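Reviewing the structure listed below.
The shown structure was predicted, so the numbers you read here are calculated from the model rather than taken from an experiment.
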Amino acid sequence: MLMSVLAFAHSLLVFNIIWNREPEKLLVTWFKAADLDLSFALELSAVSIGATVLITGLSLLAQVYALGYMEKDWSLARFFALLGFFEAALSALAISDSLFFSYALLEVLTLSTYLLVGFWYAQPLVVTAARDAFLTKRVGDLLLLMAVVTLSTLAGSLNFSDLYEWAQTANLSPVTSTLLGLALIAGPAGKCAQFPLHLWLDEAMEGPNPASVMRNSLVVAGGAYLLYKLQPLLALSPVALDVLVVMGTVTAIGATLVSIAQIDIKRSLSHSTSAYMGLVFLAVGLQQGGVALMLLLTHAIAKALLFMSSGSVILTTQSQDLTEMGGLWSRMPATTTAFIVGAAGMVTLLPLGSFWAMLAWADGFVNISPWVIGVLLLVNGLTALNLTRVFRLVFWGKPQQKTRRTPEVGWQMALPMVILTVLTLLVPLMLQQWYLLPDWESINWYVALALFTSTVVGVGVGSTVHLHKAWSRSRILAWRFVQDLLGYDFYIDRVYRVTVVGAVALLSKISAWSDRYLVDGLVNLVGFATILGGQTLKYSISGQSQGYMLTILAVVSVLGLFISWSSGLLDKLPF
């Protein structure tokens, strides 16, 4: 925590100094011998240092929050060490100007995710979740590594500034550019829980909630930040940009629908994280990097506040089931206020941050690609509906058995929530200070009204739909099918189990059978024949030296005759 305080203060100081300056590059030589030169570059700019301010600030708040949440845990030191591991990798990723260094840092984040998700390793579900998160990310990381090796060969450098210059004059075949672009997308897709590598984030909610605060606000944004820096390289392949658009659209809409059917409070919020990262992928695919950065900023602050609020509810009620909660608004005022402000910061509710981010996006595409506005309206409206549903189930209504005597959390958890609540409300002022808000004269008020209306409609539907806690499933068959389809994530895990997992299991069985009966069988046959021959020969010898000499002489004579006969026969052949 002390080092986080120093890092936050230092990043604020550097941000203030570098705000009106040109970006600076620092080249650090890691290892140099003969022709081998391993170095990586660092970028000091308003964007990169601003990202470190956000990372260190949210990490510090998460650590203070963890003092209360993890108060009774027996391995607090290990947890704080892993949070520091998280913070170090994210801060380095923010200022990295080298694809090689960024890839190494993504690997550190993968390891950190595995260790933090599996923090309570005595629980079977925790072990399974950590394993699935690690292996799912390995798929994207492996393809990204192939792209890194390919770029080092084609461009001769892995520094982003050099790669940008190379991309301006690169002449690649369509197949090469397409494969390179898809490989570059795979790594961030795994980190940001995008379809089809999205299932791990839902399972990762088995870890401690302070780690979930970092993961859903910053870690997933780390992959999107790398994708933002890869934009000039992705522009080499129109197919890769189209894949980004399709992947982001499918994930944004699908994950938002799935979140509505969840009864676990953390899983409901985690699916909305995948949805908003899908919007970021869509923005990058449409070459809207500035919009992607604004979405990352506003989403990180609001989502951290939502997860802190949900963690307070989980700690006091000892439950994550939405159907077991209710009536907490009068018993936990700070937590209730934090959830309301965080939810408002997630949707297009004027004048909070997400409204301006989506308005800047929609305003630019109202005449070019109207379907983008349709995606934004749908995702925003469904997100508002889901957050309203969660609020009603948790904070509104009659108190349940687990919420009748629920107290407010201690100051260690309340203080970070209050700070983030104020920060969420101040995001529009920060955007104005950084000249990121549009002029009032240039705003398309029809688009602004449509975005605001989608939020109002979502809140209205979420607040009027009758929710009966005793109904685990609908009594209407059609609604039950839809509920199960969304609740089980479109059965994608079962599809994977039948296809990918089934194919790997079949190949494993074939390999095991081959090893056991073919490879081992042949070796065992040779060994058995040797043993049998040795056992048979030991009864056919007398043990006298003259017998051995006679045997050797006879065998040598036979071999000599055979060689002589073969040589004579070869001499008579026509060739």
Side-chain angles (χ1 to χ4, degrees), residues 29-39 100 103-104 107-108 110-111 114 121 127-128 130-132 134-158 172-173 175-176 179-180 182-183 186-187 496-575:
T29 301
W30 180 34
F31 181 80
K32 188 174 183 180
D35 295 333
L36 181 61
D37 185 4
L38 297 180
S39 60
F100 166 72
Y103 174 79
E107 296 300 297
V108 175
T110 301
L111 176 60
Y114 172 75
Y121 52 81
V127 175
T128 303
R131 179 202 63 195
D132 291 349
F134 184 79
L135 293 179
T136 303
K137 288 187 175 185
R138 304 309 307 146
V139 176
D141 290 344
L142 180 61
L143 294 174
L144 180 59
L145 178 60
M146 294 180 182
V148 171
V149 174
T150 303
L151 281 175
S152 66
T153 303
L154 296 177
S157 174
L158 290 175
L172 302 178
S173 65
V175 175
T176 302
L179 293 178
L180 180 61
L182 295 178
Y496 285 164
R497 193 176 299 117
V498 173
T499 56
V500 179
V501 178
V504 173
L506 179 61
L507 291 175
S508 301
K509 290 180 180 179
I510 294 175
S511 177
W513 182 88
S514 175
D515 290 342
R516 182 175 182 180
Y517 294 103
L518 295 181
V519 179
D520 290 350
L522 180 61
V523 173
N524 293 336
L525 178 62
V526 173
F528 179 74
T530 303
I531 295 174
L532 181 62
Q535 292 292 333
T536 304
L537 287 174
K538 76 177 183 179
Y539 296 107
S540 62
I541 60 177
S542 60
Q544 297 179 354
S545 59
Q546 56 268 33
Y548 292 129
M549 294 298 296
L550 180 61
T551 303
I552 293 173
L553 182 61
V555 172
V556 169
S557 301
V558 171
L559 287 175
L561 291 174
F562 178 75
I563 293 173
S564 300
W565 177 78
S566 300
S567 300
L569 183 61
L570 290 175
D571 293 339
K572 296 179 180 180
L573 292 177
F575 59 83

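- With Thr150 contributing its side chain and Met146 its backbone, the two residues share a donor-acceptor pair below 3.5 Å.
- Among residue pairs with one or both ends in residues 138-157, none qualify as ring-ring contact (aromatic ring centres under 6.0 Å, His included); sequence neighbours excluded.
- Residues meeting the side chain to side chain contact (heavy atoms under 4.5 Å, CB included) test with Leu145, sequence neighbours left out: Tyr103, Val149.
- Thr29 meets the side chain to side chain contact (heavy atoms under 4.5 Å, CB included) test with Lys32, Asp37, Ser39; sequence neighbours excluded.
- A distance of 9.0 Å separates OG1 in Thr153 from CG in Leu158, rounded to the nearest 0.5 Å.
- Distance check: Leu151 CG to Leu180 CG gives 4.5 Å after rounding to the nearest 0.5 Å.
- In this structure, the separation between CZ on Arg131 and OG1 on Thr136 is 9.5 Å, given to the nearest 0.5 Å.
- For Val127, the side chain to side chain contact (heavy atoms under 4.5 Å, CB included) test picks out no residue, with sequence neighbours left out.
- Note that CH2 of Trp513 is 12.0 Å distant from CG of Asp520, once rounded to the nearest 0.5 Å.
- Every residue two or more places apart in sequence or in another chain that forms a salt bridge (charged side-chain N to carboxylate O under 4.0 Å, His left out) with Asp141 is listed here: Arg138, Lys191.
- Considering only residues two or more places apart in sequence or on other chains, Ser173 meets the side chain to side chain donor-acceptor pair (under 3.5 Å) condition with Thr176.
- The distance from the OG1 atom of Thr530 to the CG atom of Leu525 is 9.0 Å, given to the nearest 0.5 Å.
- Atom OH of Tyr496 is surrounded by more than 12 heavy atoms from other residues, nucleotides or ligands within 6.0 Å.
- Of the inter-residue distances, the one linking Tyr114 atom OH with Asp132 atom CG reads 11.0 Å to the nearest 0.5 angstrom.
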